[in-house]
Amino acid sequence: MLLTMKLEAKRKKTFMPSPERIEKVEESMERLMQVVEERNCAVRELKTGQREVAPKIYTYNMFGEKVWRRLKEWPIPYHMNRKVQHERYSYYPLVVPFIRRRKELERKKLRVKAVKEKAYKRRLKLKFPHADIEI
């Protein structure tokens with residue numbers, strides 16, 4: 001509502017009445033969010049015994065890409081459940097050549113970007129010889 005009033009005042013080319021209200025509302029909302037987060041942490045600590053949100057680890061998806069995965073509880077412990085380990089967080093050997101090609105393309109893009117940046121700096125140095133530009 002306050003932001004709408006601010007835009008309307010801007011449209012009419014007048015001053016917004018008491019603009020400090022926006023800052024007060026933002027501050028009070030930050031405090032509310034802090035209280036909500038503290039309560040969520042307390043509930044999480046009661047339920048799981050951990051204060052922080054569920055931890056994440058890097059794993060591979062079915063295409064061989066590294067992705068963040070949030071850890072969760074399993075009916076059978078994850079380290080004992082070989083079926084889930086194999087099916088969910090591994091990739092097939094046939095994917096390996098495609099992973100290699102994808103990484104090669106990523107490296108090529110980085111090289112092309114570096115070459116373009118170097119050429120750009122070289123052109124700038126020619127145009128402005130006294131500028132402090134490192135090539």
Please round to the nearest 0.5 Å and tell me the distance separating atom [atom1] of [X] and atom [atom2] of [Y].
X      : Y      : atom1 : atom2 : value
Glu65  : Lys103 : CD    : NZ    : 10.5 Å
Ile133 : Lys125 : CD1   : NZ    : 6.0 Å
Met16  : Thr4   : CE    : OG1   : 9.5 Å
Leu2   : Glu23  : CG    : CD    : 11.5 Å
Glu45  : Lys47  : CD    : NZ    : 13.5 Å
Phe98  : Leu105 : CZ    : CG    : 12.0 Å

For a 4.5 angstrom cut-off between non-hydrogen side-chain atoms, does [X] reach [Y]?
X      : Y      : result
Val25  : Met29  : yes
Leu124 : Lys121 : no
Lys113 : Lys109 : no

If I compare all heavy atoms of Arg21 with all of Ser18, which pair ends up nearest, and what's the gap?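 Here Arg21 and Ser18 meet closest at NE-OG, 2.9 Å.
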Closest non-hydrogen atom pair between Thr59 and Arg69, with its separation: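 Closest heavy-atom pair between Thr59 and Arg69: CG2-NE, 3.4 Å.
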Using the rule given for side chain to side chain contact (heavy atoms under 4.5 Å, CB included), can you reason through Glu8 versus Arg11, listing the C-alpha separation, both sets of side-chain angles and the distance that settles it, and then say yes or no? CA-CA 5 Å; Glu8 185 65 20; Arg11 188 181 68 82; 2.5 Å; yes
If the threshold is 4.0 Å, N to carboxylate O, is there a salt bridge linking Glu20 and Lys24?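 No, Glu20 and Lys24 are not salt-bridged.
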Under a 4.5 Å side-chain heavy-atom rule over Ile, Leu, Val, Met, Phe, Trp and Tyr, are Leu32 and Ile22 clustered together?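 Yes, Leu32 connects to Ile22 through the hydrophobic network.
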Cluster question for you: counting only ILVMFWY and a side-chain heavy-atom cut-off of under 4.5 Å, with indirect links fine, are Met5 and Leu3 together?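 The answer is yes; both residues are in one hydrophobic cluster.
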Partners passing ring pair (Phe, Tyr, Trp, His ring centres under 6.0 Å) against Phe128 (at least two apart in sequence or in another chain):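 With neighbours one apart ignored, the set is empty.
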Backbone N/O of Pro19 and side chain of Lys6: donor-acceptor pair under 3.5 Å: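 It does not hold such a pair.
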